[in-house]
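A, B, ... follow the sequence lines: proteins, then strands. Residue 1 opens every chain.
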There are 2 protein chains.
Amino acid sequence: MPYDPSAFAPFAVTVDLVVLTVRRHALCALAIRRGEPPFQGRWALPGGFVRPDEDLSQAAARELMEETGLCAHAPDAPAQANGAHLEQLATYGDPKRDPRMRVVSVAHLALAPDLPAPRAGGDANSARWAPVEDLLQQGGYGRDGEQAAPLAFDHARILSDGVERARSKIEYSSLATAFCPPEFTVGELRRVYEAVWGVALDPRNFHRKVTGTPGFLVPTGGTTTRQGGRPAQLFRAGGATLLNPPMLRPEV
Amino acid sequence: MPYDPSAFAPFAVTVDLVVLTVRRHALCALAIRRGEPPFQGRWALPGGFVRPDEDLSQAAARELMEETGLCAHAPDAPAQANGAHLEQLATYGDPKRDPRMRVVSVAHLALAPDLPAPRAGGDANSARWAPVEDLLQQGGYGRDGEQAAPLAFDHARILSDGVERARSKIEYSSLATAFCPPEFTVGELRRVYEAVWGVALDPRNFHRKVTGTPGFLVPTGGTTTRQGGRPAQLFRAGGATLLNPPMLRPEV
DNA sequence: AGTGTTTATCGTCAGGCAGACGACTATGAT
DNA sequence: ATCATAGTCGTCTGCCTGACGATAAACACT
């Protein structure tokens, strides 16, 4: 019986963002410290309400811009400088997920290159990049000895789902380049895979694989020694989005 | 600025269902004929409002039961007889997707074995299994010569996304068994892959692949000749959910 | 009873790709 | 000059897949 006016209750609809980047060989996510109850003082994912005239992806892109200054290039939007990959992740609507009211949150996943310090309404103290293991471990201690409180709401679940999506998606797509600056070396791309998967990869087999996949990497002609050692070729991301055959994640 | 009460507008939240099955060697979806405006008389996906005290997956399972009589076994629910696979697909929230009001729809994907005739509130004329190509082609003619009007709302997009999810997911998971009855033969499973992908597969290589993947199929000891020809072994779905290495979909 | 048809199942073989790893190159640091 | 670091090119072996031949066990005819 669709659309019987007495049959539906109003919901609040929000977007939450899992913004991932690779910093210092670790997969990190953007976390915001909550300034008000509930969960005051706890870390949470950035997010906010969807506006009445906004599509979900627009709302996610707007939040991403507000929190990080990144322009998202979704599949339907033109690519931009300093852009990030943005895609819908999943929707969370447990009736008790927000103690105040019924909130349905459409989570999005954003992948960005390493950035300068985050900003959150000018308050640098209330936003940070944190390794995802630190954010996900329950009741342990972070690297700085600070007690690691669980994330607010069901954000640990959302973050976990986002990380798993990223881990599996770089297997069969060229998405790992979204973690890299516009020009990058094969070694830098390999370190992205190593950080996201948390494993070590053989540099020689990795080089053979990525340079041998048509459309994955396009040489720019330049070289760099910013990682030390012998100069490495610079590449841009090629047009291919799907990797066939995929990059296999080592098991166990 | 989360949760400023003046900052959010109420939305209606619905679940829509992409219910897929394999009938007569074709991938079919459940379609409901709309009895009221807008899009009166057009075909649409089954769905309905999420109730105030219901989780999204509960709402989807309830709608599935109402429309088909199937009990969903989601990953967190116990398996049941006559059960179907159910998972969240994606969420659609374009401000204009429903002309009457702002509706955010959380689409779910259900996979079911071939069933008896569908029911829709007792009105058999308003629900049917239709090949997905018939539902997705715009302005053509269905097999029975009937003008094929596009699906209501953005349901063609939702159905298309659901079909693509199913097509890709049976590559790397054991999900194709969700289209089969509790006991099935290798040939029946192969016909599922052929119908979902729309290609012909080599029976010998397929047999080697599925019987050689540990945990995919468990022999029950029985045999059947319901497909004609030499008796075939019967199998149940094994415990494995991920196929490694995957079943590769032939390209082109 | 024999013949053809259908479906299932086992085997063989060649090519492609991945993991393991050796060898060499080009830079900066000591 | 030597070392450490990182990048790049090869080789070899084993596994998996695609392409197919061959056999097996049922049913439907004649």
Starting at [atom1] of [X] and ending at [atom2] of [N], how long is that distance when rounded to a whole Å?
X      : N      : atom1 : atom2 : value
A:L248 : D:dC15 : CG    : P     : 16 Å
B:E194 : C:dT7  : CD    : P     : 11 Å
A:L243 : C:dA18 : CG    : P     : 10 Å
B:L234 : C:dA8  : CG    : P     : 11 Å
B:D202 : C:dT7  : CG    : P     : 15 Å
B:M247 : D:dC16 : CE    : P     : 15 Å
B:N244 : C:dA18 : CG    : P     : 13 Å
B:L201 : D:dA19 : CG    : P     : 11 Å

What heavy-atom pair brings [X] and [Y] nearest, and what distance separates the two atoms?
X      : Y      : value
A:R165 : A:Q88  : NH1-O, 3.2 Å
A:V186 : A:H207 : CG1-CD2, 3.7 Å
A:L243 : A:I170 : CD2-O, 4.5 Å
B:L151 : B:A44  : CD2-N, 4.1 Å

(message) For a quick check under 3.5 Å, do B:Y92 and B:D161 share a side-chain donor-acceptor pair by atom type?
(response) yes

Restricting both atoms to N or O, compile the protein contacts to nucleotides 9-11 of chain C shorter than 3.5 Å, with distance only.
residue, atom, partner, partner atom, Å
C:dT9, OP1, B:Q233, N, 2.9
C:dT9, OP2, B:H207, NE2, 3.2
C:dT9, O5', B:H207, NE2, 3.4

(message) Regarding B:R226, tell me which of base, sugar-phosphate or nothing describes its non-hydrogen contacts under 4.0 Å with the strands shown.
(response) nothing

(request) Under 4.0 Å between any heavy atoms, over every strand shown, what does A:R190 touch: base, sugar-phosphate, or nothing? Just pick one. (result) sugar-phosphate

(request) Cation-pi check, B:R24 to B:W129: give yes when NZ or CZ is under 6.0 Å from the six-membered ring centre and within 45° of the ring axis, no otherwise. (result) no

(request) Check whether any side-chain N or O of A:K209 sits under 4.0 Å from OP1 or OP2 of C:dA18, and answer yes or no. (result)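 True: A:K209 side-chain N/O within range (under 4.0 Å) of C:dA18 OP1/OP2.
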
(request) Please confirm whether the backbone N or O of B:R249 pairs with a side-chain atom of B:W197, one donor and one acceptor, at under 3.5 Å? (result)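 Not a single qualifying donor-acceptor pair exists.
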
